[in-house]
2 protein chains.
Amino acid sequence: MASTVGARSAKPRYLQIADDIEEQIRAGRLAPAEEIPSETALMERYGVSSGTVRKAVAQLRTTGLVETYQGKGSFVKSRPPVTRKSSDRFRRSHRRAGKAAYIAETEQAGVKPTVQVLSIGPVSAPAEIAERLGVDEGDKVLARRRLYFSDGTPTEEATSYLPWDVARDIPELFEENPGGGGIYARLEEHGHEFAEYTETVRARLATKQEASALSLSPGSPIIHLTRNAVTTVGRVVEVCDTIMAADQFVLDYRIPATD
Amino acid sequence: MASTVGARSAKPRYLQIADDIEEQIRAGRLAPAEEIPSETALMERYGVSSGTVRKAVAQLRTTGLVETYQGKGSFVKSRPPVTRKSSDRFRRSHRRAGKAAYIAETEQAGVKPTVQVLSIGPVSAPAEIAERLGVDEGDKVLARRRLYFSDGTPTEEATSYLPWDVARDIPELFEENPGGGGIYARLEEHGHEFAEYTETVRARLATKQEASALSLSPGSPIIHLTRNAVTTVGRVVEVCDTIMAADQFVLDYRIPATD
DNA sequence: TCTCACAACTCCTATACATGAGTGAATGTG
DNA sequence: CACATTCACTCATGTATAGGAGTTGTGAGA
């Protein structure tokens, strides 16, 4: 026989096959972005029926090792470079250099960042956002939705929410490009001096909408980051809600030791 | 017909069925820990074959909505309460109150925390750990592996690594219970005063080992947290590597606005 | 009463087959 | 040459069927 899977074992056949292919991927015999043998080829190769092969490939999909496209085939997933989001990306010095936070963080990862503004305009505040902003649920707030790309592939979808009475007075916030240093620079110019940011990190599987927005395969994990920007008077003037493809980001935080 | 799934639509039948059951779960008509109808029952109910029903249930499994046990049935997963890990859990005041970090953080979630020590002893440092500790890969370091439970279910596996020359002098670090305030209290008692902690957050799918250690279903997302504890002389005297079930934790961080 | 074997139920693996739908290249036609 | 058609390939959905394996209750026998 051309190939013997893991000899005899208690494991079901489809897992043996999945393990065998996984091993080939990890050993580099199947390179990233390379096509793995078609279902019919695998059926012959392992001498099993189509159903079994399909279950094996499905297993690899849920492990996140391959992606399959109908009509084309299954391909070894290539791991995109990770970009680090360090907690000092909000330094004013970055803003004074004219850089918005996302530029400061991605340019050091060696990838070309791009932004696409999806929408800017008033929306009624969702519950969690309203609570964070200290307004009532359903109140009018400004939402800025945008999609970030690294080297052309979408990696991150972010929505900033601002209380209407804050946003109203700052015309740049309604522009696609809010100007050098991003919206945080504009907010500080208008007297909202930031004291701190608080970030909430969650991880979960992408919903259908999120998966399609970030062109992920279903079942991909995402990082859900929600940030409050708090001014020196203790007011939250912006909440930023971000969905990130989990395999493309690493978050770094510094926690000073205090009493 | 007893039940009409979403009428006609482009969606495949098995997804319609999965959506229908999901809707029943979300609406509370199928309560947590309750058994969902058996495969044969669902076959009759929706008038489809076993394969289709099985795919529908598989879909619900990957979504994390149900768990199925061979020979018993499928059950709606009861979501354990999330525990927040806020960045002030390392305050010395908590330690002085005799509380280790994990106690301080879980007891406010209303769940009963338990710890099981898996192993304590010298190991040779893995690459990433060695780099963080500033020692050579393979050097002898002390590893403390432990498994945390919330209300009896495992949620978190953590391994602390300490340079051997630091650990050697502190006998309590080799005990299962290092005493009030945890190992950080012992380290500070021995002259290692902490200046800051740096945490690195990643999210990904659980490996087979991680899934079984935390008794997660395969394909579950996890949060991978790695923390350096840095002393006032700039030395990293501990690295803590933690795997958490993603659906049970929320991480909170405060980032002071600086220049 | 207790124990053990069995039946009846659950889900799991695997086969074989039919049909549908997306992709891409070769081919033919204007 | 440009364009549409065809065809061979891919995976996706769904049926029907068979046997295996884990779980649980029940009933016969000691």
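Every chain is numbered from 1, with letters handed out A, B, ... down the list of sequences.
Checked by atom type and distance alone, the side chain of A/E210 pairs as donor or acceptor with a backbone atom of A/T207 at under 3.5 Å. Between the side chain of A/T63 and the backbone N or O of A/Q59 there is at least one donor-acceptor pair closer than 3.5 Å.
Residue B/E39 contributes atom CD, which lies 16 Å from atom C1' of C/dA8 at whole-angstrom precision. When rounded to the nearest whole Å, the span between CE of B/M43 and P of C/dC12 equals 14 Å. If you take CD1 of B/I36 and C1' of C/dC11, they are 11 Å apart, rounded to a whole angstrom.
Contacts between chain B and DNA chain D, taken as any atom within less than 4.0 angstrom of a protein heavy atom, begin and end at D/dT13 to D/dT24.
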Check residues 212-224 of chain B and write down every donor-acceptor pair under 3.5 Å in which the side-chain atom is one partner and the other belongs to a residue at least two apart or another chain.
{"from": "B/S212", "atom 1": "OG", "to": "B/Q209", "atom 2": "O", "distance (Å)": "3.1"}
{"from": "B/S217", "atom 1": "OG", "to": "B/S220", "atom 2": "OG", "distance (Å)": "3.4"}
{"from": "B/S220", "atom 1": "OG", "to": "B/S217", "atom 2": "O", "distance (Å)": "2.5"}
{"from": "B/H224", "atom 1": "NE2", "to": "B/T226", "atom 2": "OG1", "distance (Å)": "3.4"}
{"from": "B/H224", "atom 1": "NE2", "to": "B/D241", "atom 2": "OD1", "distance (Å)": "3.0"}
{"from": "B/H224", "atom 1": "NE2", "to": "B/D241", "atom 2": "OD2", "distance (Å)": "3.3"}

Just list the side-chain donor-acceptor pairs under 3.5 Å for residues 22-30 of chain A, sequence neighbours left out, or say none.
{"from": "A/E22", "atom 1": "OE2", "to": "A/R26", "atom 2": "NE", "distance (Å)": "3.2"}
{"from": "A/E22", "atom 1": "OE2", "to": "A/R26", "atom 2": "NH2", "distance (Å)": "3.2"}
{"from": "A/E23", "atom 1": "OE1", "to": "A/R29", "atom 2": "NH2", "distance (Å)": "2.9"}
{"from": "A/Q24", "atom 1": "NE2", "to": "A/D20", "atom 2": "OD2", "distance (Å)": "3.4"}

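Residues satisfying the side-chain hydrogen bond (donor to acceptor under 3.5 Å, both in side chains) test with A/T155, not counting sequence neighbours, are none.
Toward the 5′ end of DNA chain C lies the nearest nucleotide of B/G73, the other residue of the pair B/G73 and A/L15 mapping further downstream.
B/T68 has a side-chain polar atom (N or O) that falls below the 4.0 Å cut-off from OP1 or OP2 of C/dC12. Between A/Y69 and C/dT23 there is no side-chain N or O to OP1 or OP2 distance below 4.0 Å.
Shortest non-hydrogen contact noted between A/E238 and A/S160 is OE2-OG, 2.6 Å.
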Where do N or O atoms of nucleotides 19-22 of chain C meet protein N or O atoms at under 3.5 Å, pair by pair?
{"from": "C/dA21", "atom 1": "N3", "to": "A/Q70", "atom 2": "OE1", "distance (Å)": "3.3"}
{"from": "C/dG22", "atom 1": "O4'", "to": "A/Q70", "atom 2": "OE1", "distance (Å)": "3.4"}
{"from": "C/dG22", "atom 1": "N2", "to": "A/G71", "atom 2": "O", "distance (Å)": "3.2"}

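Side-chain contact between A/Y253 and B/L251 is absent, with no heavy atoms from C-beta onward closer than 4.5 Å.
Of the candidates B/K85, B/R146, B/R145, B/E156 forms a salt bridge (charged side-chain N to carboxylate O under 4.0 Å, His left out) with just one, namely B/K85.
A donor-acceptor pair shorter than 3.5 Å cannot be found between the side chains of A/Q16 and A/Y14. Neither side chain, A/S49 nor A/R13, offers a donor N or O lying under 3.5 Å from an acceptor on the other. Using modelled atom types, one finds no donor on one side chain facing an acceptor on the other under 3.5 Å when comparing B/Y148 with B/Q116.
Residues from residues 50-60 of chain B with heavy atoms under 4.0 angstrom of DNA chain C, sorted by number: B/R54.
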